[in-house]
Amino acid sequence: MIFLFEITIDGVKTQVSENTTILTAAKNIGIKIPSLCNLKLDDYFFNNHATCRICVVEVDKRDGLYPACSTICWNGMNVVTNSSQIIQIRKNILELLISNHPKDCLICSKSGECELQKLTQEFRLKEIRFSGERNQFKSEYSESIIRDPEKCIMCRRCETMCNKVQTCGVLSAINKGFHSVVSTVYGNNLDKTVCTFCGQCVSVCPVGALHERNYIWEVIEALADPNKKVIAQVAPAVRVALGEEFGMDVGLNVEKKIVTALKKMGFDGVFDTTWAADLTIMEEATELKERLEGYLSGDKTIKLPILTSCCPAWVNFIEYNFPNLLDIPSTSKSPQQMFSAIAKNVWAPKMGIDRKNLVVVSIMPCLAKKYEASRTEFIKDGNRDTDISISTRELADMIKYFNIDFKEVIDQEFDSPMGEYTGAGIIFGRTGGVLEAALRTAYEWVVGEELKDIDFLKLEISKGLIVKKVNFGPKELTIGIAHGLGNARKLLEEIESGKEIYHAIEIMACHYGCVGGGGQPFVHENIDILNKRVEALNDIDKNCKLRKSHENPYIKQLYEEYFDSPYSEKAKTLLHTRFFKK
């Protein structure tokens, strides 16, 4: 039974259910209460530490003010949100916050997106009355993420995301009072911790205390070098999110405008990572076929489930947290690394280009891809397969640097052959897509008949952990799909304990998959944006003439000319990788 309470906010009567906060109740009736630390994303993330106190309100004329974000409504409550006393106190709090904050807004990575900056503008602050020596904290760098503790406002959103949602346990509040800050253990750099570089802490940080490591100028330097050939690969999820940065409809597919914009910048080739996603499926589906056939025939040495994913944050997570399960993942490289391996070792020689003079730039929704590109197993003779990885947000900034009118550019197609894709490759950008794509191909290879119901999985991706029984010809498979590393931990613990038997699983570090990656345009509190990006990818898939990876003619041609067959010795050498206990 749901109990309803009647409350009054600024003279407006309303009804709320039990456990509703004042902040939520006010929002539901259109009354804005400013906040900084509070953030709710669907049912998977809720931060209400009440540390900033910007949202204080008066309740029942009692002495003292109450934080609206953490105060639960009771029956008959009377709330005032906008008295002169409250406004003055909020202004004082804001001034104190800013007095201990760097004033480098012009060059801050979060400028224009900073919630503290926006609040300062709303309060029309023109001067800060408080001054003094600010705390000095060193900035921390990694391949993917830069942490600038001097800008930390102790909202603790990153701590909630890292510890409660992703269950990585990297970030925690330390010290007290003026010296308090969110930090790592012993203040170590992120690359000296168990950080997975998923970037979800960056996604929820309201200021510039956490941001991606920017590689835009390295890309521009490469483009300006006449001795270099520079090519780009564009991930599936980027095309349905980039338009948001230019005021276009959420979920609009702008892939053809991306091609034109990159060509205008001077890229020598613009290809689609989705092509490499189809290639990834050829290898993963072959592994899945071999393991399933062996298991179903009674071979007790076969390790199941097979874990399929293209997520480097997940790789870091399992290497740190479940080293005894490193024999279950597919060894197939991610699409980013498969594309780059083909570009450097197959395409470049064919075009008469020395691999050291070919610069491969990946455009990804993910900050962990920056880390993945730096892994030693993807470097040959000091030369990376993927030279530079930039995020969707960085691409938007580059387009603005080059003064390109993105809305008005004429559409162009991706370059061939590494630009042709199927619907199976495109759904890599949302959770469940990698496993669904693999099963579309593996079904026909294992069962020996055409898969007519291509949308047979019918996933409810609003759930963070999905367990389904799937008819696979005469057999029934149990599959598990997790998005968010906290859900991944639950799934892997079930496998580790033997509580549940799975045949195949997929893990994505970010909620809703790559569409919600740490390098995508910020959604703030509007979780519907992620749903629209997912719908857009599904629509692209449904409108593709070919929807199974093994039907891609250019993938077939690659095997005929170079690899002979999936999982051949040549393929294992170039398209597969290994994992390490950490």
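Counting heavy atoms from C-beta outward, Lys468 and Ile481 have side chains that stay 4.5 Å or more apart. Residues Phe5 and Glu18 meet the side-chain proximity criterion, which asks for heavy atoms closer than 4.5 Å. Counting only heavy atoms from C-beta outward, the side chains of Val238 and Pro365 approach each other to under 4.5 Å. With a 4.5 Å cut-off on side-chain heavy atoms, Thr20 and Ile7 do not count as touching. Residues Thr167 and Asn321 fail the side-chain proximity criterion, which asks for heavy atoms closer than 4.5 Å. Side-chain contact check for Val204 versus Gln200: every heavy-atom pair is 4.5 Å or farther apart. Counting heavy atoms from C-beta outward, Glu113 and His524 have side chains that approach closer than 4.5 Å. Side-chain contact check for Glu159 versus Ser172: some heavy-atom pair is nearer than 4.5 Å.
Between Ile33 atom CD1 and Ile9 atom CD1 the span is 6.5 Å, to the nearest 0.5 Å. From Ile72, atom CD1 reaches atom CG of Asn48 across 7.5 Å, with rounding to the nearest 0.5 Å. The CD1 atom of Ile153 sits 7.5 Å away from atom SG of Cys205, with the distance rounded to the nearest 0.5 Å. Atom CD1 of Ile388 sits about 13.0 Å away from atom OG of Ser374, to the nearest 0.5 Å.
Side chains of Gln117 and Thr120: no donor on one and acceptor on the other come within 3.5 Å. Side-chain contact annotation: Thr193 with Asn188, donor-acceptor N/O pair under 3.5 Å absent. Side-chain N/O atoms of Arg156 and Thr51 include no donor and acceptor closer than 3.5 Å. Arg129 and Asn92 form a side-chain donor-acceptor contact under 3.5 Å, judged by distance and modelled atom types alone. In the model, Asn316 has a side-chain atom that pairs as donor or acceptor with a side-chain atom of Lys582 under 3.5 Å.
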With side-chain contact (heavy atoms from CB on, under 4.5 Å) as the test, would you mind laying out the steps for Ile390 and Tyr215 before giving the verdict?
CA-CA 6 Å; Ile390 64 172; Tyr215 290 96; 4.1 Å; yes
Might you work through the salt bridge (charged side-chain N to carboxylate O under 4.0 Å, His left out) test for Arg375 and Glu372, ending with a clear yes or no?
CA-CA 5 Å; Arg375 284 180 67 119; Glu372 181 184 43; over 6 Å; no
Report the C-alpha distance between Asn163 and Gln166 in whole Å, list the side-chain angles of each, state the deciding distance to 0.1 Å, and finish with yes or no for side-chain contact (heavy atoms from CB on, under 4.5 Å).
CA-CA 6 Å; Asn163 298 340; Gln166 300 295 68; over 6 Å; no
List the steps, then state whether salt bridge (charged side-chain N to carboxylate O under 4.0 Å, His left out) holds for Arg90 with Glu122.
CA-CA 12 Å; Arg90 286 180 186 155; Glu122 287 178 19; over 6 Å; no
Could you go step by step and tell me if Ile220 and Met398 meet the side-chain contact (heavy atoms from CB on, under 4.5 Å) rule?
CA-CA 9 Å; Ile220 292 175; Met398 279 192 70; 4.1 Å; yes
Decide salt bridge (charged side-chain N to carboxylate O under 4.0 Å, His left out) for Glu436 and Arg430; before the verdict, give the C-alpha distance in whole Å, the side-chain angles of both, and the deciding distance to 0.1 Å.
CA-CA 10 Å; Glu436 184 171 341; Arg430 52 92 165 155; 3.0 Å; yes
Could you walk me through whether Met77 and Ile22 satisfy the side-chain contact (heavy atoms from CB on, under 4.5 Å) test, starting with their C-alpha distance in whole Å, then the side-chain angles of each, then the deciding distance to 0.1 Å, before giving a yes or no?
CA-CA 10 Å; Met77 174 185 274; Ile22 295 173; 3.8 Å; yes
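Annotation: Lys40, atom NZ; neighbour count of heavy atoms from other residues, nucleotides and ligands within 6.0 Å is above 12. Other residues, nucleotides and ligands contribute only 12 or fewer heavy atoms inside 6.0 Å of the NZ atom of Lys176. Heavy-atom neighbours of Lys400 NZ from other residues, nucleotides or ligands within 6.0 Å: above the threshold of 12. Open room surrounds OH on Tyr141; 12 or fewer heavy atoms of other groups in view lie less than 6.0 Å from it. Annotation: Lys264, atom NZ; neighbour count of heavy atoms from other residues, nucleotides and ligands within 6.0 Å does not exceed 12. Heavy-atom neighbours of Asn403 CG from other residues, nucleotides or ligands within 6.0 Å: at or below the threshold of 12.
We find that Arg533 and Glu244 are joined by a salt bridge, their nearest charged nitrogen and carboxylate oxygen being less than 4.0 Å apart. Look at Glu115 and Arg157 and you find a salt bridge, because one of the NZ, NE, NH1 or NH2 atoms lies within 4.0 Å of a carboxylate O, short of that distance. Contact check on Glu95 versus Lys91 returns a salt bridge, with a Lys/Arg side-chain nitrogen under 4.0 Å from an Asp/Glu carboxylate oxygen. Look at Asp104 and Lys151 and you find a salt bridge, because one of the NZ, NE, NH1 or NH2 atoms lies within 4.0 Å of a carboxylate O, short of that distance. A salt bridge does not link Lys370 to Glu218: none of the charged side-chain nitrogens sits closer than 4.0 Å to a carboxylate oxygen. Note on Glu493 versus Lys490: no salt bridge recorded, every NZ/NE/NH1/NH2 to OD/OE distance being 4.0 Å or above.
One N or O on the side chain of Asn75 and one on the backbone of Glu6 form a donor-acceptor pair closer than 3.5 Å.
Across Asp42 and Ile527, no two heavy atoms sit closer than the pair CB-CG1, 3.8 Å. Taking all atoms of both residues into account, the shortest heavy-atom contact from Leu367 to Ser391 is CD2-CB, 4.1 Å. Scanning both residues, Arg239 and Val234, for their nearest heavy atoms gives NH2-O, 3.3 Å. For the pair Ser139 and Asp148, the tightest heavy-atom approach, listed with the atom from each and the gap, is OG-OD1, 3.5 Å.
In this pair, Phe317 and Phe322 present their aromatic rings tilted. The plane angle is within the 30 to 60° band.
A cation-pi arrangement is not found for Arg213 relative to Phe197, the charged atom failing to lie both closer than 6.0 Å to the ring centre and inside a 45° cone about the ring normal.
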